[in-house]
Amino acid sequence: MITIFEFLKFYVVPSLLICLIILVVLMWSKRLIMHNFNKKKQFIIQNTYLFLASLIFEKNNKEKIEEKITELKSKIPLHKNWCKKIVINEMIRFKKNLKGESSPIIIALYKKLKLHFYSARLVADLRYYQKCEGFYQFQHIDFKPAKKLIKPYLTHPDRIIRSNAYACYLSLVEGKVEQLANIPTKISLLNIIKLMDLLHIKKIKLPKNIDEWLISENKSVVRLGIKTMVFYNYANQEEKITELLNSEDDILRYEAILACRALYFENAETGLISIYLHDNDNNKKEILRSLKVIGGEKSVLFLEQLTLYETNKTIKMYAVDALNSIDKKTAEKLSLNDNDTLRMLNHINDIYIV
């Protein structure tokens with residue numbers, strides 16, 4: 001009969017030793033494979049960069065370009081998908097670095113190497129991250145023929161796919177964002193942020209129908225309209241934005257409050273004060289920050305009462321700050337009879353005082 005010691009000695013220990021050896025071999029093999037792949041990747045990046053840089057000087061010599069394309073194909077495995085991805089990313093990076101100078105060359109080369117077919121396959125892939133990769137490539141290469149392929153995804157049920165499709169599509173339609181006024185579906189905050197970023201990067205002109213955005217039945221379009229007006233410092237809709245201070249939607253009121261401050265709508269002072277008591281704490285803070293910028297005599301009277309009777313310390317701090325900005329004497333007078341106000345005022349005047 002085999003004892004426990006013999007079982008451990010002849011079966012368990014050898015088995016563990018063999019497993020350890022296999023594990024070490026696998027780890028070493030993986031490391032070796034990754035090392036070789038990284039060497040290949042760096043080789044491809046280097047050759048792609050040199051190839052793209054040389055095209056800038058040979059852009060009018062078609063024979064030379066064909067020769068260099070053939071040379072590149074002989075050096076790198078462009079038929080493999082992982083290689084195509086690296087080349088496309090290098091083209092995007094190169095295009096960003098040289099701004100507008102290289103755009104036509106990069107787009108022509110992208111099509112010449114048939115890399116747009118690879119991007120199209122990514123978009124058609126069932127996996128969302130592959131689709132988003134395809135959107136990214138089309139958008140940053142600025143391959144405008146792809147907009148027909150992207151358009152169906154604007155109504156995709158998946159929020160992430162729809163978000164990336166929006167950014168890609170609007171980038172490819174040459175900044176024709178006027179059509180946003182008629183979008184029936186909700187635009188998520190993520191999409192709004194991407195669209196605002198797009199306006200900045202592409203230097204898109206103010207949409208001609210921007211006034212219509214504020215009367216859209218789609219609240220997210222109204223929200224985007226307000227943000228766009230602020231971005232372009234467009235103050236022609238003061239009356240309508242002031243009206244939105246009374247919207248039943250918390251988010252629209254929030255955006256209207258921010259717009260009144262950013263666009264310096266002094267006539268909104270009364271509207272801001274009138275909605276204060278019935279609004280949520282977040283909006284109250286923004287109302288007080290706005291009154292700090294555009295407030296006058298009415299605001300002084302309002303803030304004086306608020307400072308005296310507000311029990312929420314955070315809100316009171318905003319009120320004291322606004323009052324101090326508009327009328328220092330009144331703020332100092334109130335601090336003489338209220339220790340909380342005095343501490344807050346001292347902190348506002350010197351942030352190192354707690």
Side-chain angles (χ1 to χ4, degrees), residues 186-193 196-197 219-220 222-231 233 235 238 240-354:
K186 180 181 177 182
I187 306 173
S188 68
L189 177 59
L190 179 60
N191 277 332
I192 289 175
I193 293 170
M196 297 306 299
D197 189 47
K219 291 179 181 178
S220 59
V222 178
R223 184 184 189 186
L224 179 60
I226 297 172
K227 283 185 174 293
T228 304
M229 289 178 181
V230 171
F231 177 79
N233 200 29
E238 179 176 356
K240 182 60 182 175
I241 290 177
T242 304
E243 285 178 15
L244 288 171
L245 291 173
N246 296 301
S247 171
E248 294 180 359
D249 188 279
D250 290 353
I251 295 175
L252 289 186
R253 288 200 309 277
Y254 174 81
E255 295 296 346
I257 293 165
L258 297 186
C260 288
R261 178 168 77 242
L263 299 174
Y264 207 76
F265 290 160
E266 291 181 320
N267 293 330
E269 180 184 19
T270 302
L272 289 169
I273 293 172
S274 67
I275 67 171
Y276 177 85
L277 289 177
H278 306 290
D279 222 323
N280 58 59
D281 283 354
N282 190 46
N283 282 4
K284 282 181 178 180
K285 293 175 187 176
E286 295 305 327
I287 289 171
L288 295 174
R289 291 182 65 195
S290 296
L291 291 177
K292 177 182 176 180
V293 175
I294 66 172
E297 292 181 6
K298 292 180 182 178
S299 295
V300 172
L301 295 172
F302 167 71
L303 293 168
E304 186 176 0
Q305 293 300 308
L306 189 62
T307 301
L308 287 171
Y309 301 109
E310 179 59 64
T311 56
N312 184 315
K313 296 294 179 67
T314 304
I315 298 292
K316 185 172 181 176
M317 172 69 86
Y318 279 92
V320 173
D321 184 30
L323 181 59
N324 184 58
S325 179
I326 302 170
D327 189 341
K328 286 183 180 292
K329 289 183 179 179
T330 301
E332 290 171 357
K333 181 182 175 182
L334 291 176
S335 70
L336 296 176
N337 300 313
D338 183 9
N339 288 331
D340 278 345
T341 303
L342 179 61
R343 283 196 296 270
M344 290 177 183
L345 196 58
N346 288 335
H347 177 71
I348 289 165
N349 292 326
D350 187 347
I351 60 172
Y352 294 105
I353 298 176
V354 181

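We number each residue from 1, following the sequence as shown. Basis for what follows: all heavy atoms, side chains included, without hydrogens, waters or symmetry-related copies.
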In this structure, CG of L308 is separated from CG of D340 (nearest 0.5 Å) by 12.0 Å

Checking side chain to side chain contact (heavy atoms under 4.5 Å, CB included) for the pair T311/K316: CA distance, chi angles, key distance, verdict?
CA-CA 7 Å; T311 56; K316 185 172 181 176; over 6 Å; no

Roughly how far, to the nearest 0.5 Å, is CG of D321 from CG of L291?
11.5 Å

Worked verdict on L258 versus V230 for side chain to side chain contact (heavy atoms under 4.5 Å, CB included)
CA-CA 9 Å; L258 297 186; V230 171; over 6 Å; no

Shortest non-hydrogen contact from S290 to I257?
OG-O, 3.2 Å

By side chain to side chain donor-acceptor pair (under 3.5 Å) - contacts of K227 (at least two apart):
E255

Atom CG in L342, atom CG in L336: separation rounded to 0.5 Å?
8.0 Å

Would you check, one step at a time, whether the test side chain to side chain contact (heavy atoms under 4.5 Å, CB included) holds for I315 with L288?
CA-CA 8 Å; I315 298 292; L288 295 174; 3.9 Å; yes

Qualifying residues under ring pair (Phe, Tyr, Trp, His ring centres under 6.0 Å), relative to Y276, sequence neighbours excluded:
F302

Nearest heavy atoms of A322 and L303, plus distance in Å:
CB-CD1, 3.7 Å

Rounded to the nearest 0.5 Å, what separates atom CG in L306 from atom OH in Y318?
13.5 Å

Kindly write out the residues that satisfy salt bridge (Lys or Arg N to Asp or Glu O under 4.0 Å) with D249, not counting sequence neighbours, or none if the list is empty.
K219

Residue list, side-chain contact (heavy atoms from CB on, under 4.5 Å) with S325, at least two apart or on another chain
K292

Could you pull out the closest heavy-atom pair between A331 and L345, with the gap in Å?
O-CD2, 3.9 Å

Applying salt bridge (Lys or Arg N to Asp or Glu O under 4.0 Å) as the test, list every pair that has at least one member in residues 273-288; sequence neighbours left out.
R253-D279, R261-E286, E286-R289

Take N283 and I275 through the test side chain to side chain contact (heavy atoms under 4.5 Å, CB included) and record every step on the way to the result.
CA-CA 10 Å; N283 282 4; I275 67 171; over 6 Å; no

I'd like to check the side chain to side chain donor-acceptor pair (under 3.5 Å) partners of T330; sequence neighbours left out, ordered by chain and number.
D327

Exercise: identify the closest heavy-atom pair between A235 and F265:
CB-CE2, 3.8 Å

Side chain to side chain donor-acceptor pair (under 3.5 Å) contacts touching residues 299-308 (sequence neighbours left out):
E269-S299

So, for I226 and L252, which heavy atoms are closest and what is the spacing to 0.1 Å?
CD1-O, 4.3 Å

Minimal heavy-atom distance between I241 and M229, with the atoms involved, is CD1-SD, 4.0 Å

With S220, which residues qualify under side chain to side chain donor-acceptor pair (under 3.5 Å), at least two apart?
N218

What pairs with M317 under side-chain contact (heavy atoms from CB on, under 4.5 Å), at least two apart in sequence or on another chain?
M344, H347, I348

Would you please name every residue forming a salt bridge (Lys or Arg N to Asp or Glu O under 4.0 Å) with E266, sequence neighbours left out?
none

Please enumerate all residues that pass side-chain contact (heavy atoms from CB on, under 4.5 Å) together with I193, with sequence neighbours excluded.
L189

Partner residues of S247 under the side chain to side chain donor-acceptor pair (under 3.5 Å) criterion, sequence neighbours left out
none

